2 protein chains.
Amino acid sequence: MSDEGSAISPKTISRLPIYWRYLKELDDFGIERISSQELAKRIGVTPSQLRQDLNQFGQFGQHGYGYPISELLISISRLLGLNKSWRMIIVGVGNLGKAIASYPNFGKRNIKLTALFDVDPGKVGTVVAGVKIRNISEMPSFFKEQPVDIGTICTTPEAAQAVAEMMEAGGALGIWNFAPVKLKTSLPVKHLHLGDSILELLYCINRRNEE
Amino acid sequence: MSDEGSAISPKTISRLPIYWRYLKELDDFGIERISSQELAKRIGVTPSQLRQDLNQFGQFGQHGYGYPISELLISISRLLGLNKSWRMIIVGVGNLGKAIASYPNFGKRNIKLTALFDVDPGKVGTVVAGVKIRNISEMPSFFKEQPVDIGTICTTPEAAQAVAEMMEAGGALGIWNFAPVKLKTSLPVKHLHLGDSILELLYCINRRNEE
DNA sequence: TAGATTGTTAATCGATTAACAATC
DNA sequence: TAGATTGTTAATCGATTAACAATC
């Protein structure tokens, strides 16, 4: 609806969750004010970058004093959508799906796990993280009963595209994808692949040891 | 030792694992040659970027013909260290630690899980993914018995820094960190945080729905 | 040879850092 | 007021895209 603050750069967006975490910690400690220098040092960015980032969506600081933590925290929370609550499902309840289902910090982020789906009849009916596993064939009807905001894909790469399509058709708003495939969808997708991540580390290790 | 190819840009490095995956798939299919246009399309980058990336560490293509897949695959594999084998331990065997321990694709990457550690006496002695969980107090002596290349941290954020220090002291070569804290260490660290990842997605979802 | 596709240079774009006037 | 620290402009740096001569 509104376009205030219009475009925040992608790099800044990727840092917002980190800012949020640190500000929340400070706020929980009851600290009210912090300078860009001090905050940047804790987070591990330059003060200049921090100020540039924050100025993309507001003017929070006070010359000579620094930033009011709780005010800043509220703004970033709003940007990230943390003032609303979100419903999430997970499709594919293997080891990774289970681990994500059991992730203890969704609550802090206002995300609620509402359903789990799997193809394995042996798993269907069992309970993980307090949520019953349903057969994947029930997905379309489930979407009709209760809306889903976030669809998490923890299936094999082969199954992922079909699952993404079911999610989009069902009205999910975004996809959190742990399967190593590029999904074709018009929904926003955040991709996270363990295998790619470890290879990036391996490159760094390998390079250091060759020099 | 050698410095051939010297510096590959960080952005290119982050794409190498993806290139590796796609090239491996093509190679497994027995395909021998591909143009930058075709490969880029599959991967989801521009042909120009792909060629710029590849030319940072060699000249593989043949004018008018494209790139020899297996040769390129071998080169990227070497860069990523996949021609060597690597030993990994995981510290903190909660849900996430278990899921990582059970990740089925380490073998393809020549990574072997050699030990698991936890502080919980109730877990110590039990077996996950075929590996016995040891008490974290045994870590220093374990490092003396068998070298560790990759130290994976799946502990609480509070414990992470101390674990990282034990890993560095023990001679680990790099740290794969799933705890949401910035580690102080001289080792290469690859950070992966579920909570940050989902917030990035949430931002995108939220932004779309506000417009 | 003609067609295709690379390697590479130049142009563009975006992100980071530095610097400092504005101001609490 | 004097000191501190912001908001913002300008300078730098790096990454992406476009274009095309080189060449298989």
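Here the structure is a predicted model, which means the values were calculated and not measured. Values below: every heavy atom of this structure, side chains too, minus hydrogens, waters and symmetry copies.
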Self-check item: N or O in side chain of Arg51(A) less than 4.0 angstrom from dT6(D) OP1/OP2
Solution: yes
Exercise. Look at Glu38(B) together with Arg42(B) and state whether they make a salt bridge at an N to O cut-off of under 4.0 Å.
Key: yes
Exercise. Return yes if the base of dT6(C) and the side-chain atoms of His63(B) contain a donor-acceptor N/O pair under 3.5 Å, otherwise no.
Key: yes
Quiz item: What nucleic acid atoms does Gln37(A) come within less than 4.0 Å of, heavy atoms only: base, sugar-phosphate, or nothing?
Solution: nothing
Quiz prompt | Pair Gln161(A), Glu165(A): side-chain N/O donor-acceptor within cut-off below 3.5 Å | solution = yes
Quiz prompt | hbond_proxy Gln52(A) side chain to dT9(D) base (donor-acceptor, 3.5 Å cutoff) | solution = yes
Quiz item: Counting any heavy atom closer than 4.0 Å, what does Ser48(A) reach on the DNA or RNA strands: base, sugar-phosphate only, or nothing?
Solution: base
Quiz item: Start at the 5' end of DNA chain C and walk down; is the nucleotide closest to Gly64(A) or to Gly61(B) reached first?
Solution: Gly61(B)
Exercise. Take atom CG of Asp53(B) and atom P of dT8(C), then tell me their distance rounded to the nearest Å.
Key: 14 Å
Practice problem: Round to a whole Å and report the spacing from CD1 of Ile13(A) to C1' of dG14(C). | Solution: 13 Å
Quiz item: Is any side-chain N or O of Thr46(B) closer than 4.0 Å to OP1 or OP2 of dT17(D)?
Solution: yes
Quiz item: Any side-chain heavy atom of Phe57(B) within less than 4.5 Å of one from Arg78(B)?
Solution: no
Quiz item: How many Å lie between CG on Leu39(A) and C1' on dT6(D), as a whole number?
Solution: 14 Å
Quiz item: Which of the following nucleotides, dT6(C), dT16(C), dC24(D), is nearest to the side chain of Gln49(A)?
Solution: dT16(C)
Quiz item: What is the pairing partner of dT9(C), taking Watson-Crick or G-U wobble pairs with both distances under 3.5 Å in any strand?
Solution: dA18(D)
Exercise. Looking at every strand, decide which applies to Pro10(B) at a 4.0 Å heavy-atom threshold: base, sugar-phosphate, or nothing.
Key: sugar-phosphate
Quiz item: Say you draw a straight line from OG1 of Thr114(A) to CD of Gln146(A); how long is it, rounded to the nearest 0.5 Å?
Solution: 5.5 Å
Quiz item: Just to confirm, is there a sub-4.0 Å distance from OP1 or OP2 of dG7(C) to any side-chain nitrogen or oxygen of Gln59(B)?
Solution: no
Quiz item: So which nucleotide does dT23(C) pair with, by the Watson-Crick or G-U wobble rule with both distances under 3.5 Å?
Solution: dA4(D)
Exercise. Answer with base, sugar-phosphate or nothing: what part of the nucleic acid does Ser36(A) contact at a heavy-atom distance below 4.0 Å?
Key: sugar-phosphate
Quiz prompt | Neighbour count above 12 (heavy atom, 6.0 Å) for Lys84(B) NZ | solution = yes
Quiz prompt | Residue-phosphate contact under 4.0 Å: Tyr67(A) side-chain N/O, dG7(D) OP1/OP2 | solution = yes
Quiz item: Hey, does Arg15(B) reach any base, or is it just sugar-phosphate, or nothing, if we go heavy atoms under 4.0 Å?
Solution: sugar-phosphate
